[in-house]
Every structure is written in C-alpha cells, then in structure tokens.
*Asks:* 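Questions regarding the structure given below will be posed in turn.
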Amino acid sequence: MVGFLHQIQMQEIRFGAFNLNYFDLRTMNAVLASVFSYLVVLAQFSLILKNHC
C-alpha cells in the first residue's frame, strides 16, 4: 500500500490534446490564474460602464 501511495504522489500529472501538446499542473495553474484575472478586470470594466451611463 505504501508503494502505491508513493507512486501516486511522485507521478507527474499531465494532460494532452491529441498528442500535440501537454499541460502539466504548473501550466494549468497559470492558465486558470490568467482566466481569473481576465474575469476580474472584465467585471471592473462592466461596473465602470454601468455607473458611467
């Protein structure tokens, strides 16, 4: 059981799309942070436009 848990913890998490490119956990974190930042900026602009008109 300990060997299995160690293998799961050490295994690299990678997702691929049609064997063209692979996204590891670090890349997915960067993408999610970028999308979240974009949504925050978009919400701020929508509030500015709503209050301006």
Side-chain angles (χ1 to χ4, degrees):
M1 184 66 144
V2 175
F4 176 73
L5 291 175
H6 180 70
Q7 181 181 359
I8 294 297
Q9 290 172 346
M10 294 298 148
Q11 185 175 2
E12 184 179 355
I13 300 173
R14 289 178 19 164
F15 295 97
F18 302 111
N19 292 329
L20 295 175
N21 51 0
Y22 288 94
F23 301 104
D24 58 354
L25 195 55
R26 176 184 247 170
T27 306
M28 285 186 277
N29 283 340
V31 168
L32 287 175
S34 299
V35 168
F36 184 73
S37 298
Y38 174 76
L39 291 175
V40 168
V41 170
L42 191 64
Q44 290 174 347
F45 275 118
S46 69
L47 286 175
I48 290 171
L49 289 176
K50 187 184 291 186
N51 291 336
H52 186 265
C53 293

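We number each residue from 1, following the sequence as shown.
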*Asks:* Which side-chain N or O atoms in residues 29-36 pair as donor and acceptor under 3.5 Å with protein atoms at least two apart or in another chain?
*Replies:*
{"from": "Asn29", "atom 1": "ND2", "to": "Leu25", "atom 2": "O", "distance (Å)": "3.4"}
{"from": "Ser34", "atom 1": "OG", "to": "Ala30", "atom 2": "O", "distance (Å)": "2.9"}

*Asks:* To the nearest 0.5 Å, how far apart are CG in Leu42 and CD in Gln44?
*Replies:* 10.0 Å

*Asks:* By side chain to side chain contact (heavy atoms under 4.5 Å, CB included), which residues pair with Val41, not counting sequence neighbours?
*Replies:* Phe45

